[in-house]
Amino acid sequence: MLPLFFILLFILLLFPETAAAGSKSGLILWATVLVPSLLPFSILTSLIRRYMAGKPYHYLLLAAGILSGYPIGAKIAGELYLDGSLTYKKALFFAGFANNPSPMFVLFFVGGNALHLASGKYLFYGLVLLSSFLGSLCFTLSVPRAPRHSDKRPCPKTASGKQLPFSKIIDAEISDSALLLIKIGGYIMLFSILASLMRELPLIPYYAKLFLGNILEITTGNAMMSEAPLPHNIKIILSLAATSFGGLSAAAQTNSVLQNTGLSLFHYLIMKFLGGLFALLLGFLFFMA
């Protein structure tokens, strides 16, 4: 890995303006979109989870995770696994299924601004959710049983909310959520820089850039897809597959919330890869007519 780091450092020094522009783009996205949308969801869902310990309302929390976007769905699934509300296989399933781009991102940026789908953007978002469901279901059904160590769950960092004053609870949740958002911001900036540099490097063929852009980060990838010289229905199908997969930036964000939960990032990536394949098949079914 060390030679790769030196190569990346050399590229940063060779293209400082591009790196700065990518960093600025990632920072703007983080500050203007993710912090206002994710921070309240992260704080409130964690507070609800604390106070509902032992109550069968966790599926409502997972629904909130689906609506809030990366990586809140995986965060909720990991926390519910830690407090015993979900079994290992259910937590694994929901870490994949409930962890998707937010409806606002898919409907208005991908479906609206990038692909100009009009009312078709709602079908597009429905197919993203269906693909995520199918990919997560197929993988968890193929897992014969939970790992031996999965019954030895890592201990949660804090005690039950009922045993602490509310002022300490809210302080702890704000601190934890702020730290999570800082980590997410760092990942977004790094991947935005990589995506910007990748677009500028002259040695990479155009369609390789298009592929890598969608693998790295779906905001950049979908923007590139919208400008690609491809038939419109092919753009829709490929964007659907890329959006369902989510990109490595979203995977890195998800890893930050799955650490110390006992859930595997590798399994998560398999579920998202399967979701991308299902999206490709569904895209051909619905958009090639």
Side-chain angles (χ1 to χ4, degrees), residues 29 32-34 36-38 40-42 45 59-77 93-139 184 188 213-228 230-251 253-254 268-269 271-289:
L29 173 65
T32 61
V33 177
L34 293 180
S37 61
L38 290 187
F41 266 102
S42 179
T45 54
Y59 293 109
L60 295 177
L61 269 181
L62 290 163
I66 293 174
L67 296 176
S68 58
Y70 295 119
I72 300 300
K75 174 178 181 286
I76 294 170
F93 168 78
F94 281 110
F97 171 53
N99 203 49
N100 295 293
S102 70
M104 296 291 287
F105 174 81
V106 177
L107 293 174
F108 294 101
F109 176 72
V110 181
N113 294 337
L115 298 175
H116 308 290
L117 288 177
S119 59
K121 62 189 179 185
Y122 298 103
L123 172 62
F124 187 95
Y125 179 63
L127 293 177
V128 169
L129 291 183
L130 178 58
S131 301
S132 179
F133 173 82
L134 293 173
S136 300
L137 181 64
C138 284
F139 179 75
I184 291 172
I188 288 173
N214 283 280
I215 291 294
L216 284 173
E217 203 273 317
I218 56 173
T219 305
T220 300
N222 276 292
M224 293 173 66
M225 188 70 70
S226 69
E227 302 167 357
L230 295 169
H232 190 242
N233 57 346
I234 298 298
K235 289 183 185 181
I236 295 172
I237 294 167
L238 294 178
S239 287
L240 179 63
T243 303
S244 298
F245 173 66
L248 296 180
S249 176
Q253 297 168 41
T254 301
Y268 168 83
L269 285 172
M271 289 188 287
K272 285 302 173 185
F273 176 74
L274 292 174
L277 292 181
F278 276 113
L280 201 62
L281 295 173
L282 291 170
F284 275 103
L285 180 64
F286 282 90
F287 294 110
M288 282 300 288

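Residues: numbered from 1 along the sequence shown.
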Once you round to the nearest 0.5 Å, how far does [atom1] of [X] lie from [atom2] of [Y]?
X      : Y      : atom1 : atom2 : result
Phe284 : Ile234 : CZ    : CD1   : 5.0 Å
Ser239 : Asn214 : OG    : CG    : 6.5 Å
Leu137 : Ser132 : CG    : OG    : 11.0 Å
Ser244 : Leu134 : OG    : CG    : 10.0 Å
Ile236 : Phe286 : CD1   : CZ    : 13.0 Å

Contact check, side chains of [X] and [Y], non-hydrogen atoms, under 4.5 Å:
X      : Y      : result
Phe245 : Ile215 : yes
Asn99  : Lys75  : no
Ser102 : Leu67  : no
Phe105 : Thr219 : yes
Leu216 : Ser249 : no

**Under 3.5 Å donor-acceptor, Thr220 side chain and Glu217 backbone** =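 Not at all, since once roles are kept as given, no pair shorter than 3.5 Å links the two residues.
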
**Message:** When you measure from the side chain of Ser68 to the backbone of Gly65, do you find a donor-acceptor pair of N or O atoms at a distance under 3.5 Å?
**Reply:**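 Checking the backbone N and O of Gly65 against the side chain of Ser68, a donor-acceptor pair under 3.5 Å is found.
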
List the atom pairs, donor and acceptor, that lie under 3.5 Å between side-chain atoms in residues 108-121 and the rest of the protein, sequence neighbours left out.
unit_1	atom_1	unit_2	atom_2	d
Asn113	ND2	Phe108	O	3.3
His116	ND1	Gly112	O	3.3
His116	NE2	Asn113	O	3.3

Locate the shortest heavy-atom distance separating [X] from [Y]; write the atom from each residue and the value.
X      : Y      : answer
Ile237 : Leu280 : CG2-CD1, 3.8 Å
Gly246 : Tyr70  : CA-OH, 3.3 Å
Phe287 : Leu240 : CE1-CD2, 4.4 Å
Ala279 : Ala241 : CB-CA, 3.8 Å
Ala228 : Lys235 : O-CE, 2.8 Å
Met224 : Gly213 : SD-CA, 4.2 Å

**Request:** Would you please name every residue forming a side chain to side chain contact (heavy atoms under 4.5 Å, CB included) with Ile66, sequence neighbours left out?
**Result:**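 Ile66 satisfies side chain to side chain contact (heavy atoms under 4.5 Å, CB included) with Phe97, Ala98, Tyr125, Leu129 once adjacent residues are dropped.
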
**Prompt:** Does the side chain of Lys272 pick up a donor-acceptor pair with the side chain of Thr254 at under 3.5 Å?
**Reply:**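 Note: Lys272 and Thr254 side chains miss the donor-acceptor criterion.
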
**Asked** Taking the six-membered ring where the residue is Trp, are the ring centres of Phe93 and Phe139 under 6.0 Å apart?
**Response**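 Here the rings of Phe139 and Phe93 have centres that are no less than 6.0 Å from each other.
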
